[in-house]
Amino acid sequence: GVVEVGAHWIHGPSQGNPVFQLAAKYGLLGERALSEENQLIETGGHVGLPSVSYASSGVSVSLELVAEMASLFYSLIDQTREFLQATETTPPSVGEYLKEKIRQHTASWTGDEETKKLKLAILKNLFNVECCVSGTHSMDLVALAPFGEYTVLPGLDCTFPEGYQGLTDRIVASLPKDVMVFDKPVKTIHWNGSFQEASAPGETFPVLVECEDGDCFPAHHVVVTVPLGALASGFLQPHSLWDTHWLLSSHFHSEFGIELLYCAL
Ligand SMILES: Cc1cc2nc3c(=O)[nH]c(=O)nc-3n(C[C@H](O)[C@H](O)[C@H](O)COP(=O)(O)OP(=O)(O)OC[C@H]3O[C@@H](n4cnc5c(N)ncnc54)[C@H](O)[C@@H]3O)c2cc1C
């Protein structure tokens, strides 16, 4: 067996997903993941319900009640798409929006206090699951307006029986030898300059990638995909290319947001 410590799943494994296409091309997926039937399943991005749930007292919770609360929670999550084009939203976060809507719903709940408490506990649990899905400590930290940007492709999530790394290994093997360099931390990317390269006399390059071991790579264009923490620490010189605070506060709201920063320098 394989124990993955990082990415494990292909989310939305269907023809519109390039990761799925490559994995299928390289023969890395099982029969079920490749089946037409699996590719057509629409999950809407919502995690499936547990087959059994228990309260902290050890009592099992009615599956109907769990399904009812999940249906409410996911309908509210789906409603957040309405704010996609909004320039300003009140409330500003997904968490505050959900809590406000749940407050409105609870006002119309009938039944005994114990059942109401149980319903709220189930909703709290769904909040926690959503935090895991969105890679955040709190849904209050996730901006409402861009939340609906996520497109969930059809297909029931699948895994690589032999491990995700099989895919990157195949991609690397398909490239010419020596075009990839590993264990080469980049110290600074100097941009907007005029750099020379001994092997290309007379040519000037606007970018210079300087590595921690002193090696330098002049370039016409650089695509930077390092984490934001590295960008914010003065990785790019001069540093004023982006207002890092703006970048951090308005563009990124979850671990799954992959942003390619094209430095057309
Ligand atoms: C535990 C966990 C499980 C996950 N599971 C899934 C999953 O099942 N399916 C899924 O689709 N996604 C999953 N994700 C999310 C997915 O792994 C990320 O979204 C994805 O890896 C982001 O890719 P990236 O290229 O933007 O960044 P990264 O993969 O973080 O790549 C950034 C790279 O930059 C390098 N770097 C940083 N600083 C420097 C420097 N100074 N010089 C040179 N290199 C540098 C880092 O070493 C790293 O290799 C998971 C994430 C985690 C943490």
Side-chain angles (χ1 to χ4, degrees), residues 1-24 26 28-30 32-33 38-39 41 43-48 128-137 141-142 146-147 149-172 175 179-191 207-219 221-237 239 241-242 244 247-248 251-263:
V2 174
V3 178
E4 303 272 19
V5 290
H8 181 169
W9 300 92
I10 301 182
H11 300 290
S14 52
Q15 292 308 323
N17 182 337
V19 175
F20 173 76
Q21 282 178 19
L22 281 171
Y26 292 132
L28 301 173
L29 299 178
R32 181 156 170 225
N38 200 79
Q39 292 181 47
I41 295 175
T43 65
H46 304 319
V47 176
N128 291 343
V129 171
E130 201 58 39
C131 282
C132 295
V133 170
S134 295
T136 178
H137 296 300
L141 299 171
V142 179
F147 190 62
E149 279 175 13
Y150 288 108
T151 300
V152 181
L153 296 171
L156 189 63
D157 293 359
C158 69
T159 57
F160 294 74
E162 300 296 323
Y164 211 117
Q165 197 177 335
L167 181 61
T168 45
D169 287 346
R170 301 292 174 105
I171 294 172
V172 171
L175 298 171
V179 295
M180 301 282 295
V181 184
F182 295 100
D183 298 321
K184 201 95 182 153
V186 173
K187 188 176 148 204
T188 310
I189 297 178
H190 305 271
W191 66 282
V207 193
L208 186 75
V209 178
E210 182 190 351
C211 298
E212 282 179 8
D213 63 6
D215 281 357
C216 288
F217 298 89
H221 300 281
V222 175
V223 176
V224 185
T225 64
V226 294
L228 272 176
L231 273 186
S233 68
F235 187 77
L236 286 162
Q237 290 299 332
H239 190 43
L241 182 57
W242 297 286
T244 312
L247 197 68
L248 285 168
H251 235 141
F252 288 81
H253 46 94
S254 104
E255 83 177 302
F256 292 104
I258 301 175
E259 188 89 345
L260 287 178
L261 300 171
Y262 291 94
C263 309

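Order of listing sets the numbers, starting from 1, for every ligand and every atom in it. All of these numbers come straight from a predicted model, not from anything done at the bench.
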Neighbour count above 12 (heavy atom, 6.0 Å) for Lys184 NZ: yes

Shortest heavy-atom approach to atom 40 (C) of ligand 1 - which of Ile189, Val186, Val181: Val186

Proximal ligand 1 atoms for Trp9, defined as those under 4.0 Å from one of its heavy atoms: 7 (C), 8 (O), 9 (N), 10 (C), 11 (O)

Polar proximity ligand 1 side, Lys184 side, N/O cut 3.5 Å exclusive: no

Under 3.5 Å: N/O of His11 near N/O of ligand 1: yes

Proximal ligand 1 atoms for Phe235, defined as those under 4.0 Å from one of its heavy atoms: 41 (N)

Short side-chain to backbone donor-acceptor contact, Ser14 and Gly155, under 3.5 Å: no

Residues forming a ring-ring contact (aromatic ring centres under 6.0 Å, His included) with Tyr164, sequence neighbours excluded: Phe160

Straight-line distance of Leu167 CG to Leu29 CG, nearest 0.5 Å: 9.0 Å

N/O separation below 3.5 Å, His8 to ligand 1: yes

With sequence neighbours excluded, residues passing side chain to side chain donor-acceptor pair (under 3.5 Å) with Glu162: none

Atoms in ligand 1 flagged as close to Thr225, the criterion being non-hydrogen separation under 4.0 Å: 32 (C)

Within 6.0 Å of CD in Gln21, more than 12 heavy atoms from elsewhere: yes

